2 protein chains.
Amino acid sequence: MTDTVVVAAATTETESKPRVNRRQVAKARTRIKVLEAARNLFAERGYDAATIRDIAKGAGMSTGAVFANFQDKAELFEAVFSDEMAALSEAFTAGVAIEASTSARLAGGLAAGYHQVLDHLPLMQAMVARSWFQPEDSDKRVREFLAPVITTISEVLQAGIAKGELRQDADVALLSRMVWDIYLSNLRRAAFDNWGIEELTPHAAKQMDVVVAGQLAK
Amino acid sequence: MTDTVVVAAATTETESKPRVNRRQVAKARTRIKVLEAARNLFAERGYDAATIRDIAKGAGMSTGAVFANFQDKAELFEAVFSDEMAALSEAFTAGVAIEASTSARLAGGLAAGYHQVLDHLPLMQAMVARSWFQPEDSDKRVREFLAPVITTISEVLQAGIAKGELRQDADVALLSRMVWDIYLSNLRRAAFDNWGIEELTPHAAKQMDVVVAGQLAK
């Protein structure tokens, strides 16, 4: 009796599963298409000038289909931003994973971060621009996406303290934010002076030397 | 004879002057009104969403009157930006004019710079946002407006080297840009964490300590 019930339940699940999956897959595909079209349009025009209508057009679907996945443009932008920050965070983590001085590890993180974004720099520019002029509640969420990168930087600094390279009283919170701000600021050179990875990498290394130099244990 | 000629010339000048002046004054007044309306609207909506039509409305004049003074929105924005940077440059220069360590002088410049912009922060936000997503040729002009501030910072660092406080080989160009980038980055705290001058001033002082610490002569 127990077996029969189990079998019946299993059968029902097996029968309904493909239908659910097909719908889920279709929905996920739509979402990916919309995000891709949004990425492209935000990169091309910036946040303000990109319209849901043109994003829908770029994705080859109706505005209704876009709105079925995202409440509004702001939510769409946050989804693009979130994906971007996740990729950037991975790059940072990989970049700092070297046996080296704190400055060199941080420089490694920044260099990996530039590698990650240089082939779609206009999107990053649109993101930084938007981050300066957006509703406050949106900024709160933006910071959550940023947190993993800041954490990675903090961990490098803390490791430097732990191994006695940096002073025990180094202000990790202050320094971590400074490193991130430096990362972002340099993107302007990439955008307006056409700096590539060959210029950005040694520049970031010098900047990390400046930041770390005063923090070295005597 | 010579006297007569001089008198005649003087008379002509006196007669024509008021007419020219009235026209010039009217034109200057219009320009000021348009710039004021533009400042307000850029601060309220950011660059993209501010329209010439609404700027004209804010100034109480026709769009034609706006276009008589400015070729397009980009030129209008640059004029607002230029005024803002001139005021900021003055503030920096006044802020660093103290007898103190290099770090304290730089911190004084930053603090004065925050004083200058805190009562119209949304305009600064719009400017920073725009600076990240604008045509390249516009960026070139933006840098010209920025040059005096960078020069002021450089001079403080050079003075530090000259008096033997900083190392002879301190990279003044690199450090100056870092100081400016730090100034800008902190404005985000003002915008999104409601930091006032009481929070920004000590924060900037700590950051200047970090930047200068590694540059001290042994």
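The chains referred to below are lettered A, B, ... by the order of the sequence lines, with proteins before strands, and numbering in each begins at 1. As the structure is a computational prediction, the values presented were derived from the model and not from experiment.
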Taking atom CZ of Arg167(A) as the centre, report whether more than 12 heavy atoms of other residues, nucleotides or ligands fall under 6.0 Å from it. yes

Quick check on the structure: residues of residues 192-210 of chain B within a heavy-atom distance below 4.5 Å of chain A, by number. Phe192(B), Asp193(B), Asn194(B), His203(B), Lys206(B), Gln207(B), Val210(B)

Top contributor to chain A interface from [options] [non-hydrogen pairs under 4.5 Å]:
{"options": "Lys140(B), Arg143(B), Met124(B)", "answer": "Arg143(B)"}
{"options": "Asn186(B), Leu187(B), Val212(B)", "answer": "Leu187(B)"}
{"options": "Ala170(B), Ala129(B), Ala213(B)", "answer": "Ala129(B)"}

So which part of Ala191(A) gets closer than 4.5 Å to some heavy atom of chain B, the side chain, the backbone, both or neither? backbone

Need one label for Arg45(A): side chain, backbone, both or neither, based on atoms under 4.5 Å from any heavy atom in chain B. backbone

Min side-chain heavy-atom separation Asp48(B)-Tyr47(A) under 4.5 Å: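 Result no, sub-4.5 Å side-chain heavy-atom pair not found.
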
For the residue pair Arg188(B) and Ser131(A), confirm or rule out a side-chain donor-acceptor distance under 3.5 Å. yes

Which residues in residues 60-94 of chain A have any heavy atom closer than 4.5 Å to a heavy atom of chain B?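 Residues of residues 60-94 of chain A touching chain B at under 4.5 Å: none.
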
How close do Leu184(B) and Trp132(A) get, counting heavy atoms only, and between which atoms? O-CH2, 2.9 Å

